[in-house]
Amino acid sequence: MSTAWMSRYAQRTQGVRSSAIRELLKLTERPEVISFAGGLPASDVFPTDRLRAACRKVLEQQPHLALQYGATEGYEPLREMIARHIARYGIKARSENVLITSGSQQALDLIGKLLLNAGDRVLVEAPTYLGALQAFSVYGAGYVSVPSDEDGLRSDLLEAPLRSGPKVMYVLPNFQNPGGTTLSEVRRHQLVLLADQYGIPIIEDDPYGQLRYEGEHLTPLVVLDRENLRRDSGYSIGNVIYLSTFSKILAPGLRLGWIVAPPEVIGKLVQLKQGADLHTSTFVQMVAYEVARDNFLDQHVKLIRRVYRERRDVMLEALTRCFPPELTWTRPMGGLFLWVTLPQGMDAQRLFESALRENVAFVPGDSFYAPNGHQDDARRHLRLNFSAAQPDQIREGIRRLGVAVKRQLDELRALATGAR
Ligand SMILES: Cc1ncc(COP(=O)(O)O)c(C=O)c1O
């Protein structure tokens, strides 16, 4: 329906659609539906008691600070804590390298605002995080998609896309959303070297890095950038902007994330953030600091890893039991998702409708591809979240999904036989 308002909207709103996932989630809200669709952390492991105590402490001991306007850069003790915390992964930062954001989704928006002119292209993985596409598209971004496989983005296919002159590269090296894949150490080196060679900055989005269930932690791109390229070991130069968040290790409702970047980039982002929201909630930052201190967050992350690892294993086992051999899936070493590939001829959108009739839901894969980003293949994938449901629900949900899969596969076979 066209209204007077439509003619008033700015041009940049024209390509903006609400997230297909958010629309899908509405369909999956019926209580009888077991949903593997959302990217939700498990609400049963939120540290509610610790959060309640932290809220009380902050309000009792520092109410004037907590409820007042604060610095755009963020609450200084929290910035320092983040700088200390990321040092264990080799990321060398001081608080001046850290900007606190209202979730890493805001970080993506601010970075889009900082770097993208209309028509600039962002090099992304195919598939990639839908929220990043939404954030960048508002600034008129186009995309160059590079395929990925079990070892993450295909760095062997990077040269030609880089030569075509994208403005920036957006990469999820750890337990990617949606693929669940991890960029191998060799590819990390190649990617950083090539980005440097072509002068293309990297946005390294790492919300899941701490949620590793097996294997060794791999070096972040921001560290390789400094080490491999023998950059100044100080804090002033670097080709990588690194993002992470408290959403998956504490609670997404806090809306708390952070950016690590050279101070000059942080300074510019601070100006842009002032125009967006002045600063992230001081109260929430102080509460997160109180929750995290005295090693609590480390202990809590260990608990989350244990719980999610079990759920991942339950889902993998159920998939092997309930899915026909024509289907394949990734085996993520961490994070929240795995990625299923359907055989030729099957269609994830149709499967979604049929799965809903069995009261089970997932996200069809085509949502995760940039426009023109290898779409042919897109309809043969689905993303499954394994963190939010309890083990028994996972077993039952995958059983139901197996029924829907077999139904579509039988229809396909019947068609093929009829055609002969
Ligand atoms: C890859 C990726 N980046 C960013 C975000 C946004 O997270 P936040 O809750 O910190 O805004 C998500 C959320 O699922 C994500 O998967």
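Note that ligands are numbered from 1 as they come in the structure, with each ligand's atoms numbered from 1 the same way.
- Close approach of ligand 1 to Thr245 (heavy-atom distance below 4.0 Å) involves ligand atoms 8 (P), 10 (O).
- Of the protein's non-hydrogen atoms, the one nearest atom 3 (N) of ligand 1 is Asp205 OD2, 2.6 Å.
- The number of heavy atoms from other shown groups lying within 6.0 Å of CZ (Arg12) does not exceed 12.
- Protein heavy atom closest to atom 5 (C) of ligand 1, with residue, atom name and distance, is Tyr129 OH, 3.4 Å.
- Remark: minimum distance from atom 14 (O) of ligand 1 to any protein heavy atom is reached at Lys248 NZ, 2.9 Å.
- Contacts of Tyr208 with ligand 1, taken as heavy-atom pairs under 4.0 Å, involve the side chain alone.
- Lys167 is listed as a side-chain neighbour of Asn117, based on a closest heavy-atom distance under 4.5 Å.
- The number of heavy-atom neighbours closer than 6.0 Å to NZ of Lys268, taken from other residues, nucleotides and ligands shown, is 12 or below.
- You'll find the ring centres of Phe352 and Phe362 inside the 6.0 Å limit.
- Annotation: side chain of Ile259 is in contact with side chain of Thr101 (closest heavy-atom distance under 4.5 Å).
- Aromatic ring pairs are classed by plane angle as parallel below 30°, tilted from 30° to 60° and perpendicular above 60°; the pair His85 and Trp258 is perpendicular.
- For ligand 1, the atoms sitting less than 4.0 Å from at least one non-hydrogen atom of Ser247 are 8 (P), 9 (O), 10 (O), numbered in the order shown with element in parentheses.
- Against a heavy-atom cut-off of under 4.0 Å, Gly103 is close to the following atoms of ligand 1: 10 (O), 11 (O).
- Relative ring orientation between Trp339 and Tyr369 is described as tilted, the plane-to-plane angle lying within the 30° to 60° band.
- Among all protein heavy atoms, the one lying closest to atom 7 (O) of ligand 1 is Ser104 OG, 3.3 Å.
- The neighbour count for Gln299 CD, taken as heavy atoms of other residues, nucleotides or ligands under 6.0 Å away, is above 12.
- Residue-level proximity to ligand 1 for Leu172 is carried by the side chain, the only part with a heavy atom below 4.0 angstrom.
- Ligand 1 is approached by Pro207 to a heavy-atom distance shorter than 4.0 Å.
- Looking only at heavy atoms of the protein, atom 11 (O) of ligand 1 is closest to Arg255 NH2, 2.7 Å.
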